[in-house]
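Every chain is numbered from 1 and lettered A, B, ... according to where its sequence line falls, protein lines coming before strand lines.
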Amino acid sequence: MKPDQYLSVLNPEQLEAVTHSGSPLLILAGAGSGKTRVITTKIAWLIAERGLDPESILAVTFTNKAAREMAERATRLEPRAERSVLRTFHSFGAWLLRRNAALADLDSNFTIYDDDDAITLLSKALPALTRQQVSGIVHKISRAKDYCLSPDSPLLAEIDPDPDFADVYRLYERRLRETGNLDFGDLILLTVRLLTGNPEVRDRIHARFRVVMVDEYQDSNVAQFELLKALAGPETYLCVVGDDDQSIYRFRGAEVRNILTFAESFPGTRVVRLERNYRSVAPILAVADQVVARNEGRLGKTLVAERGGGKKPILAFLPNQDDEAAFCAELIAGAHRKGCPWADWAILYRTNAQSLGFETEFLHRKIPYKVVGTLKFYEREEIKDALAFLALVANGRDEVAFRRVVNKPARGLGEVTQDRIVEEARRIVFGVEAEGELEMGGPVRGDDTLQFEDATDLLSASRRILEALPKKARSGLSEFLHVVETLRSLLGDAAVSDAAAVAADAAANEGGEGAADGGAPTTAAKAKTASRKGAAGLAIFVERLVDASGLLAYHQGQDEIAGTQRVANLQELVNAASLYPLSREGLVEFLEHIELDRSMADEEENPDSVTLITVHNTKGLEFRRVVVTGLETGVFPRDDKKGDDLEEERRLMYVACTRAMDELYLTSCASRRLYGRTAFVEPSLFLFEMDSGSVEVIGRTPRSYAARGRSAQPGAGSASGSGDEAGGVQPGAGNAQAAGNAQGASAVPDPLAERWRTGRKLFHDDYGYGIITKSFYASDELVIMVRFETGAERRFMPRYQAKSLLVVED
DNA sequence: GACAGTGAAATTTTT
DNA sequence: TTTCACTGTC
């Protein structure tokens, strides 16, 4: 596309942001203001108009999805942008560290530990503590890394005042370095140290990246801020984009202050505000704004809706979460009957657990849906097993991986034997008393990488103690070692020397590899094509490994016992590997990609389906119609939230509402089941913060909410005071009758009540046959009691349960 | 060393 | 309701 073409569609502020140069730039981009368009256009423009080498542009984001989208859109405007480096913070860190492994005192074959692995590792080092306690510690360590704090930092007390914490942190670091692996925090922290501690690397990076851009800057943490500072040389053009009102990751270290004080950190900063919202109709934007306006710590923006007209958001009060699910289903099904595609809809909730009710309901009603984020493919036992085995092949020091697979299937190698092997491996490196001698950098000395790896390899250690083991363990272990070795040889004899080779090349590497490397993440779409052709590339290897490791047989057995899908899942993993070359580098690349991007290729899901998604996961997305569910105190916002935490919940609410383009629905239940127990709950604080009159209320209004409505809406109050008033029209099913009030039911014949008359026989999908024992209106909702053959008695609201409840006899 | 059974606790958001 | 730690048995 020609620059004047894509520049002509921009508004004046967007144009200014795109063409600005000569000083740091902060773009304050409100929701739906065309932020991504500005970034991608800027990339294209820099290449096409300013003649910048695409490879000298670095743009970092927080999610892989965002990175992919950015690459896609920039490339559409300017094909050469394909060679720019568009990555997540973490994948950029991994990229740089791997290429400078020797300088960073790392093994270039490092794999990445997720929280779970980190907890396992530390648990083994602290056997006296429960997993839960360790999990708390690991969490704090990861927070410390977010803030760039080493075990020696006095500021550590801010995270945990316990003086032991620093020691445990130190211990964790040592164990982690011993495995040769990194955790998420390290990907940022060690990258910062690499750049600040090695002037030649830093200069090289400054020379290469002339432009550094950051998207969603409001979610950056202190370590990422430090990284940004390290990346910005005197000649670097710095441009960050963000919206302080959408900062929602404080809980994991994000610092809103980064964006609030950007201009102070980088003197001369030019600030451009994008305040025209092109996404939502005005009434939707209004309620979102009313809520977030209550926050104090914000830069303050005035979002202007470019789309006039539009309906007021509808607020539905419902008895409980089953009704909430039914309400949503009916709403969506009703719209679908009128031609609205399923895909126009998104159901938003605060916590993942809330998706369940919607899933069951949608399944019943045959409404196609997809759950975003809960794709726990890589969490499955069989997948983690196979990945652990792969990781061990790539890196023989990986203790967590070793422990996970060495005795699976059972080879007579229990924890005691495992401990012996690990001790043996550590003994070689540290001598008998190693405690406390290490710095953060770890024990690797650049010159003897090879020897180090060999000696501390858990496999070498295994071999050394082999003879000392009891017969059963000995044969089991020796068989295991044989499998690993055979597999390693499959990756070519070059495997062992890779580390040295890569280390030697490192210095010259960042220059040319950007292109080759940037290609990998964008190939996700090609995965399917590749996998259909059968095992190719690394897939051959993974297939062999799954079989030879005994994991296939083991999980086959589990499939037969439990009727699970494990073998099929393993096959899926094999397919995923087909994109990578059959080599040790290919394997390492594969593992890194999985660790950093768990959003497996979107399978062959139905493109026309309703989206079920947590509010956090909607960042950057938009839908025509959105239902924000669970608007109750304790759920959203979670209770015990106050001060800054409450402000963050408010921003979450702001994010949720501003996802909607055309229609917004809000649902709030009177009671909710929470771990088995049913509790009555109050409407969300945020509902009270919206101006009365800016939403249309339906359903039985809770007393507290009604009270507020009455005072704010003079003349609209009801005489009865029972809170029965339901303003507005029931969307979806049976709307005409619903408008009628409870007291009117005596005169007017009511088809709904007629259909669900006492004595009728029913069939229910879950409970089987039953008979209606009572039928009555509670406020303005028809309620029936049904006794089932099982003896159970249940209440239903036919309006919402029409599909699962079938009248079988008059 | 594996495994079943018991009792109790605890639930957010994620690169 | 589910998950996890711990206990006792084979």
Side-chain angles (χ1 to χ4, degrees), chain A residues 60-67 87-94 112-116 118-119 123 127-136 139 142-143 145-146 182-189 191 215-216 219-221 223-224 227 246-254 321 348-357 372-376 378-379 406-419 470 472-473 476 592-599 613-619 630 634-641 645 648-649 651-653 655-656 672-678:
Chain A
V60 284
T61 65
F62 284 88
T63 67
N64 293 287
K65 198 164 42 172
R87 285 175 172 261
T88 64
F89 266 109
H90 291 87
S91 104
F92 173 74
I112 298 156
Y113 273 174
D114 63 16
D115 292 354
D116 230 41
I119 293 165
S123 291
L129 301 186
T130 68
R131 203 182 158 77
Q132 227 178 85
Q133 291 169 309
V134 173
S135 153
H139 188 253
S142 118
R143 187 71 352 89
K145 291 187 176 185
D146 288 342
L182 302 187
D183 61 22
F184 282 119
D186 287 339
L187 293 176
I188 310 299
L189 195 53
T191 307
D215 189 17
E216 306 280 11
D219 286 326
S220 61
N221 62 32
Q224 286 157 337
L227 178 53
Q246 294 186 63
S247 172
I248 55 175
Y249 284 104
R250 197 177 112 90
F251 68 96
R252 66 171 205 225
Q321 60 208 338
L348 273 52
Y349 36 78
R350 179 67 176 78
T351 65
N352 271 314
Q354 288 166 256
S355 75
L356 219 90
V372 176
T374 318
L375 265 188
K376 289 188 288 191
Y378 294 109
E379 314 250 300
V406 71
N407 200 30
K408 197 168 188 177
R411 298 183 178 94
L413 301 160
E415 203 175 353
V416 175
T417 315
Q418 292 172 21
D419 288 346
K472 189 177 165 207
E592 174 179 317
H593 189 247
I594 285 173
E595 205 54 61
L596 294 182
D597 186 1
R598 264 109 194 282
S599 65
I613 190 169
T614 63
V615 180
H616 279 90
N617 272 322
T618 61
K619 194 169 79 167
V635 179
F636 191 8
R638 286 186 60 79
D639 46 4
D640 71 354
K641 295 281 177 170
D645 285 336
E648 174 134 326
E649 296 275 314
R651 291 191 291 266
L652 257 185
M653 181 65 184
V655 169
R672 183 166 290 270
R673 267 193 318 277
L674 216 52
Y675 31 88
R677 242 164 250 293
T678 303

(request) Check every atom of B/dG1, B/dT12, B/dT15 against the side chain of A/H90 and return the nucleotide holding the closest atom. (result) B/dT15

(message) How many whole angstroms separate atom CD1 of A/I248 from atom C1' of B/dT15?
(response) 13 Å

(message) The side chain of A/N617 is closest to which nucleotide in this list: B/dA10, B/dT13, B/dT14?
(response) B/dT14

(message) Please report the distance, rounded to the nearest Å, between NZ in A/K472 and P in B/dG1.
(response) 9 Å

(message) Please report the interatomic distance CD1(A/I613) to CG(A/L348), rounded to the nearest 0.5 Å.
(response) 6.5 Å

(request) Assign each of A/N407 and A/T88 to its nearest nucleotide of DNA chain B by heavy atoms, then name whichever residue's nucleotide is nearer the 5' end. (result) A/N407

(message) Once rounded to the nearest 0.5 Å, what's the spacing between atom OH of A/Y113 and atom CG of A/L182?
(response) 10.5 Å

(request) Could you check A/E648 against A/A410 and say which one's nearest nucleotide on DNA chain B is further toward the 5' end? (result) A/A410

(message) Please report the distance, rounded to the nearest Å, between CD in A/E649 and C1' in B/dT12.
(response) 8 Å

(message) Using atom C1' in both nucleotides, what's the gap between B/dT13 and C/dC4 to the nearest angstrom?
(response) 22 Å

(message) Using a 4.0 Å heavy-atom cut-off, does A/E595 contact any base of the nucleic acid, only the sugar-phosphate backbone, or nothing at all?
(response) nothing

(message) Once you apply a heavy-atom cut-off of 4.0 Å, does A/R673 come out as touching a base, just sugar-phosphate, or nothing?
(response) nothing

(request) Check whether any side-chain heavy atom of A/L652 sits under 4.5 Å from a side-chain heavy atom of A/R350, and report yes or no. (result) yes

(request) Write down the distance between CG (A/D219) and P (B/dT13), rounded to a whole number of angstrom. (result) 16 Å

(request) Check the distance between B/dT15's C1' and A/D186's CG and give it to me in whole angstrom. (result) 13 Å

(request) May I have the distance from A/L596 (atom CG) to B/dT15 (atom P), rounded to whole angstrom? (result) 10 Å

(request) With heavy atoms under 4.0 Å as the rule, sort A/Y249 into base, sugar-phosphate or nothing. (result) sugar-phosphate

(message) Nearest whole Å is fine: how far is B/dT15 C1' from A/D116 CG?
(response) 15 Å

(request) Taking side chain to side chain contact (heavy atoms under 4.5 Å, CB included) as the test, write out the residues that go with A/S247, two or more places apart. (result) A/Q218, A/D219, A/V256, A/R651

(message) Is A/F251 stacked against the base of B/dT13, taking the criterion as centroid distance under 5.5 angstrom and interplanar angle under 30°?
(response) yes

(request) State the CZ-CG distance between A/F184 and A/L189, to the nearest 0.5 angstrom. (result) 15.0 Å

(request) Sequence neighbours left out, what passes side chain to side chain contact (heavy atoms under 4.5 Å, CB included) with A/Q224? Give chain and number order. (result) A/F62, A/F89, A/H90, A/I188, A/S220, A/N221

(message) Just so I know, are the side chains of A/D186 and A/K145 near enough to count as touching, which here means a heavy-atom distance under 4.5 Å?
(response) yes

(message) If I take atom OG1 from residue A/T63 and atom CG from residue A/L596, how far apart are they, to the nearest 0.5 angstrom?
(response) 12.5 Å

(request) Quick one: list whatever passes side chain to side chain donor-acceptor pair (under 3.5 Å) with A/Q354, sequence neighbours left out. (result) A/T351

(request) Measure from CZ on A/R638 to P on B/dA10 and round the result to the nearest Å. (result) 14 Å

(message) Does B/dT14 have its OP1 or OP2 closer than 4.0 Å to a side-chain nitrogen or oxygen of A/T614?
(response) yes

(message) Taking the minimum atom-to-atom distance to the side chain of A/N352, which one of B/dA10, B/dT12, B/dT14 wins?
(response) B/dT14

(request) Tell me, please, the opening and closing nucleotides of DNA chain C, 5' to 3', among those with an atom under 4.0 angstrom from a non-hydrogen atom of chain A. (result) C/dA5 to C/dC6

(message) Under 5.5 Å centre to centre and under 30° between planes: does that hold for A/F184 and the six-membered base ring of B/dT15?
(response) yes

(message) Suppose we screen for ring pair (Phe, Tyr, Trp, His ring centres under 6.0 Å). Which residues come up paired with A/Y249, at least two apart in sequence or across chains?
(response) A/F251, A/H616

(request) When you get a sec, tell me which of B/dT15, B/dG1, B/dT14 is the closest nucleotide to the side chain of A/T417? (result) B/dG1

(request) For A/E648 and A/R250, indicate whether the former's side chain and the latter's backbone hold a donor-acceptor pair under 3.5 Å. (result) yes

(request) Using a 4.0 Å heavy-atom cut-off across all strands, classify A/V615 as base, sugar-phosphate, or nothing. (result) nothing

I'd like a table of atom pairs between the protein and nucleotides 4-7 of chain B - only N or O on both sides, under 3.5 Å - with the distance next to each one.
none

